[in-house]
Amino acid sequence: MAEFWSSLLWFIFGGLVGAALGFYFTKKNFEKQLEENPPVNEKMIRAMFKQMGRTPSEKQVREVMRSMKR
């Protein structure tokens, strides 16, 4: 009976460690992907302004980028 509880505890411990490591590495990979490929960049913001019929100033582009990062 002691072997059963011992193996059960090791199984649970291994599952928890595996889940924690999987979460950590997945999070790191996701953050790296977002940093390399941001969802919106300055070029996209300029294109959006031009579609609205406006020519944005550099200040407007930076303000939009700053508000998107928050």
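Values in this document were obtained by computation on a predicted structure and should not be read as measured data.
Side-chain heavy atoms closer than 4.5 Å link hydrophobic residues (I, L, V, M, F, W, Y) into clusters, and following such links, possibly through other members, connects Val17 to Phe25. No chain of hydrophobic side-chain contacts below 4.5 Å, direct or via other Ile, Leu, Val, Met, Phe, Trp or Tyr residues, connects Trp10 to Met1. Val40 and Met52 fall within the same hydrophobic cluster, where Ile, Leu, Val, Met, Phe, Trp and Tyr residues are linked whenever their side-chain heavy atoms come under 4.5 Å apart, directly or through other members. Following chains of ILVMFWY side-chain contacts shorter than 4.5 Å, one cannot reach Trp5 starting from Phe13, and the two form parts of different hydrophobic clusters.
In the displayed structure, Glu36 atom CD is contacted under 6.0 Å by more than 12 heavy atoms of other residues, nucleotides or ligands. Heavy-atom contacts from other residues, nucleotides or ligands closer than 6.0 Å to CE of Met68 number 12 or fewer.
For the atom pair CG of Leu9 and CZ of Phe4, the computed distance is 9.5 Å after rounding to the nearest 0.5 Å. The distance from atom CD of Gln33 to atom CZ of Phe30, rounded to the nearest 0.5 Å, is 9.0 Å.
Note on residues 2-14: no pairs pass salt bridge (Lys or Arg N to Asp or Glu O under 4.0 Å), not counting sequence neighbours.
At distances below 3.5 Å, not a single donor-acceptor pair connects side-chain atoms of Thr26 with backbone N or O atoms of Phe23.
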Enumerate, atom names and distances included, each donor-acceptor pair closer than 3.5 Å involving a side-chain atom of residues 54-66, sequence neighbours excluded.
{"residue": "Ser57", "atom": "OG", "partner": "Gln60", "partner atom": "N", "Å": "3.3"}
{"residue": "Glu58", "atom": "OE1", "partner": "Arg46", "partner atom": "NH2", "Å": "2.7"}
{"residue": "Glu58", "atom": "OE2", "partner": "Arg46", "partner atom": "NH2", "Å": "3.2"}
{"residue": "Glu58", "atom": "OE2", "partner": "Arg62", "partner atom": "NH2", "Å": "3.3"}
{"residue": "Gln60", "atom": "OE1", "partner": "Ser57", "partner atom": "N", "Å": "2.9"}
{"residue": "Arg62", "atom": "NH1", "partner": "Glu42", "partner atom": "OE2", "Å": "2.9"}

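With sequence neighbours excluded, the residues that form a side chain to side chain contact (heavy atoms under 4.5 Å, CB included) with Lys43 are Asn41.
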